Amino acid sequence: MKPAPFAFVRPRSLEEALEVLGAHPDAKVLAGGQSLVPLLTMRLAAPAMLVDINAVPDLDRISCDDDGVRIGALVRHAALLRDEDAARTQPLLRLALSHVAHPTIRNRGTTVGSIVHADAAAEMPAVLALLGGSVEVASVRGRRTIEAADLFAGPLESTLAHDEIAVSAWFPALRPGERVGFAEIARRHGDYAMCGVAALVGPERTRVAYLSVEEVPTIVDLTGVAPDDVGEAALAHLDPQPDIHATAAYRSQLVRVLTRRVLEQAA
Amino acid sequence: MTTKLFGTKVPRVEDDRLLRGQGRYVGDVFSGQDALHAAVLRSPHAHARILDIDVEPVLDVEGVVAVYTYDDLEDAMGEPLPLLIPHPTLTHGRTQYALAKDEVNYAGEAVAFVVATDRYVAEDAVARIRVRYEPLPAVVGIAASRAAEHLVHDDVPGNVGARMEQHNGDAPAEIAKAPHTLTLDLDVERSACTPLEGRGVAARWDPDQQRLQVWSSTQTATGVRAAVAAKLGLDLRAVDVITPDVGGGFGVKINHPWPEELLVPLAAMRLGRPVSYVEDRREHFVASAHERAQVQHIEVGFDDEGRLLGLDVMFWHDHGAYTPYGLIVPIITSTQLLGPYKPRAYRVVFESIYTNTVIVTPYRGAGRPQGVYAMERTMDAIAAYLGKDRTEVRAVNFIQPDEFPYEHGLVFQDGRPLTYDSGDYPASLEKIKQLVGWDEFPQYRKEMAAQGRRVGIGLACYVEGTGVGPYEGAHVHIETSGKVKVATGLTSQGQGHQTVFAQLVADELGVRFEDVEVVTGDTRRMPYAVGTFASRAAVMSGSAIHLAAKRAKEKALRIAAEALEADVDDLEITDGVVSVKGAPGASISLGTVAVLSNPLRYAFDEASKSATQFAVGDPDKPPVAPGEEPGLEGKDFYSPERSTFASGMHAVIVETDPDTAEITILKYAVVHDCGHLINPMIVEGQIHGGVAQGVGGALYERMVYDENGQLQNASFMDFLMPYVSEVPETIDIDHLETPSPLNPLGIKGAGEAGVIPSAALFASAIEDAEGIEITAMPISPSDLFTLREEHR
């Protein structure tokens, strides 16, 4: 379990990082390394170069205003989890982050990194999708904003181009009259969930996000559905997949139970 | 007066060093030295013929020093690995080659061996070796093996490696005339030891002295030594095997020699440079050993009280692709199945069968968890059938305290009669009922039901043959400083041997605990030993150390009596000083006794002056008396006639979520009887660890093979070893101390106990909570949900 050979660069500025990344089609960005390093050691990924952005200044900032929370690419899960302003502005962040793995992983892993890693079993991509947030990406070609709805292309696949770095993510603030809920069930504490559900309930809409159910985080609109029917209504839009930890039928049951629980939480 | 340490909670001397990261493991042996590192190319196929291996692309990789395939192995190295424990019924035993010859029989089998300047380069090189395989149909799982549509080994008909039968009385006849009968079909899946440190071996060849030094993360230094010497054609005296700190074993490291344990020394000799290999986690899953998978068919006849009249068991044991460790696991299942009970007649037949999966060798519990599962599921089924309390049915079947020694009329794993030495099962049952609140549970269940919560209680009993022979030995040396050096040959994997063995020596010799240093698993210090397995270290080496210390003490007292001009019977040793009882001032330190024990010609310090030829001794007698040896040492061996049988009972209260089928442990209780306790804290630590491992085996861990024999969850991400958050927060433990008459300390083994009843226990509790018969373990929430759907 040793990685294949790779070159390693540690740029001191974003510009430098973007240049290196643009010049090396087989390079990968390293931030917290909590997903990438295991892939390297198991030789499931063998990039020719790692561009370590940990020395790039100003990427570790959390800024909150009335509109939402913006976090830089180097903000660790643990820092965001601790941040009182962020928790006030959008309570779903803290609610969901407490389910992200274990403290040691949260201390290194970055929230933006987790989002662009696009694992359908991860909490924060689903949160971003539910809230309708976005990711700001940069390359030598310039900057652009990718809306959450356009970000997740498939399992472990985002719509970032190879030469792009996600420099920040933006989560909209909780608006007056809105409530949120989050619950998940994992085999072991801190594992990837067999099923996770996040809810955003407002005066006009009820939206629910599902992680670990399909190949990308999935949003279902349950506006106006009676409380007793929410589970079946959600399943009408979902196609739960089996894996070694849960049959499709069991995963469907978790969708039913957790949808109800999370909507009660957010009621 | 020196306080007696036996029976007290002496803190582990190992912990300070290990917890500060100062442990020294195989991976540290050559740290900072210019050593070479090895990696192994492993078969990607579960079953295939090897057509061609092309190592050309590797030879020009910078840093690669050597590449070996089967064709590079000579003489004994080209023969299959040893079948360690032959048995007459193992008619079709098979073992693998150090490197696969023409065929691979599991995904993970070693095919080629690369030595390079570091492990990174070695892995790069492994990835470049080109092997052409002709895939063959893979036999995966017990059902496919029994169907024998395809064979694992062409020359093993029906995939059956062994078929063995034992019986006491005529079970089928008893069942035929019994008032009631039941049939059960049960299933247990695979798990594995997964110690924190995997296997590892390092070796250095000294060409000047023609001497090989091997460090191995093993449970048997002497076994590895003998195997290495035999395979590499060396004199035993030319090979030293040393076990450094070992990061857990749990059974997998008793199997030996692993291919790497031979290939690393071979490379070190051929290349004339130190070589090391440390298994990685993925390799541990696919290339070490698993255990536990069995399918069981039970027929039982019983009377109105639930008394066992006839018990007839047939089971199929999945031993994977090869049988290096013989039939030990299924033999233990077949004999230890009986637990604390005495059926009027018993018959057991097993078939040990081949599959194209990782080999099966003992894992903590070693076949006992499966046997207990079969027996305790049967007890629960009888209780349910008769509408009786589960504890009552067990109680009427117990061997009673006045029936020991109790002979079962069977042959145990050590080839000796299965005879229990001592125990008190009725007392254990009373204690466990108290501890878990068995009689109060119906009320508790009612209260919980009122809150919409579903709970169940389970109980499981076991008897564990521990301390199997043939022997262990010990050497105790009192140095002139008064410090005591102790060596025993079996190895340590974190159990706390240095602590408990020092307790025994301090007590026997009357020296300070801090002055005793214990070395284990170093063939330079104790070349005669067997190994650490079967909960045997305390019983075997503990007894040997006690006996060796006794000899050293006798000698010390003889010499001191002469020096003090006193009678041996009037002497006592306290804090390392021998004194005459009731005569203050008449004393001599053990260090000085050690000086006197070794008559000297040359003085090298103040103390040794007193042992020189003009200072001491009767000029008319030989300086070393006839029958004596110089030096203050004691050496002895302990070899019991048979195993000693520990026992215990576990009880658990679980909650099952009516919606999500999640299973939560609310209370876990253990009553444990391993005879006298040398160190209750260490015994309880063993129980805690065993329970944690048992929870893993019952509720979380399984080896998920697909139909092609590919292990789908060969990582700690998907193989669900429980975290601290999954094991019970508290484990209530009560001890019973029924001493063993078989050893001088009255002790029994305790290492495996905690894990043994888990599958049976959780099946019992979940069945009780759900009202659904549980016949397959482990069980996950998804499995429980499926069962609920089937029983709707």
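What you see is a predicted model; the values in this text were computed from it and never measured. Chain letters run A, B, ... following the sequence lines, proteins first, then strands; residues in each count from 1.
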Derivation of the salt bridge (Lys or Arg N to Asp or Glu O under 4.0 Å) call for Arg261(A) and Asp657(B) | CA-CA 14 Å; Arg261(A) 285 184 186 175; Asp657(B) 188 303; 3.2 Å; yes
Counting only heavy atoms closer than 4.5 Å, note whether Arg260(A) contacts chain B via side chain, backbone, both or neither.
-> side chain
Where do Ala249(A) and Phe785(B) come nearest, in terms of heavy atoms and distance?
-> O-CE2, 3.6 Å
Judged by modelled atom types alone, do Tyr723(B) and Asp191(A) share a side-chain donor-acceptor pair under 3.5 Å?
-> yes
Ignoring hydrogens and geometry, is there a side-chain-to-backbone donor-acceptor pair from Tyr250(A) to Ala661(B) under 3.5 Å?
-> no
Can you tell which part of Leu699(B) gets under 4.5 Å to a heavy atom of chain A, answering side chain, backbone, both or neither?
-> backbone
Check whether Glu726(B) gets within reach of chain A through its side chain, its backbone, both or neither, counting any heavy atom under 4.5 Å.
-> side chain
Please report the closest heavy-atom contact between Asp124(B) and Ala4(A), naming both atoms and the distance.
-> OD1-CA, 4.0 Å
May I ask you to check whether over 12 heavy atoms, not counting those of Gln451(B), lie within 6.0 Å of atom CD?
-> yes
Polar side chain donor-acceptor pair, Asn713(B) to His245(A), under 3.5 angstrom | no
Value for CD (Gln253(A)) from OG1 (Thr786(B)), rounded to nearest 0.5 Å, stands at 11.0 Å
Top residue by heavy-atom pair count (under 4.5 Å) with chain A, among Val704(B), Leu720(B), Asp783(B)?
-> Leu720(B)
All heavy atoms of Ala246(A) vs all of Ser782(B), minimum pair found to be CA-OG, 3.5 Å
CG-CG distance between Asp659(B) and Leu254(A), expressed to the nearest 0.5 angstrom | 10.0 Å
In this structure, CE of Met703(B) is separated from CD1 of Ile244(A) (nearest 0.5 Å) by 11.0 Å
Working to the nearest 0.5 Å, report the span between OH of Tyr192(A) and CE of Met717(B).
-> 6.0 Å
Count the heavy-atom pairs under 4.5 Å between each of Arg188(A), His189(A), Lys2(A), Met1(A) and chain B, then report the option with the highest count.
-> Arg188(A)
Out of Ser725(B), Pro781(B), Ala127(B), which one racks up the most heavy-atom pairs below 4.5 Å with chain A?
-> Pro781(B)
Glu215(A) CD: over 12 foreign heavy atoms closer than 6.0 Å = no
Please look at Pro38(A) and chain B and tell me whether the side chain, the backbone, both or neither of the residue comes under 4.5 angstrom of a heavy atom of that chain.
-> neither
Any chance CZ of Arg282(B) has more than 12 other-residue heavy atoms, nucleotides or ligands included, within less than 6.0 Å?
-> no
For Glu62(B), look at atom CD and say whether over 12 heavy atoms of other residues, nucleotides or ligands are found less than 6.0 Å away.
-> no
Take atom CG of Leu196(B) as the centre, draw a 6.0 Å sphere, and report whether it contains more than 12 heavy atoms from other residues, nucleotides or ligands.
-> no
Of the listed Glu789(B), Gln712(B), Glu662(B), the one with the largest count of heavy-atom pairs under 4.5 Å with chain A is Glu662(B)
Examine whether an atom of Arg702(B) lies under 4.5 Å from a heavy atom of chain A, and if so say whether it belongs to the side chain, the backbone or both; otherwise answer neither.
-> neither
Asp718(B)/Arg187(A) ion pair, N-O < 4.0 Å = no
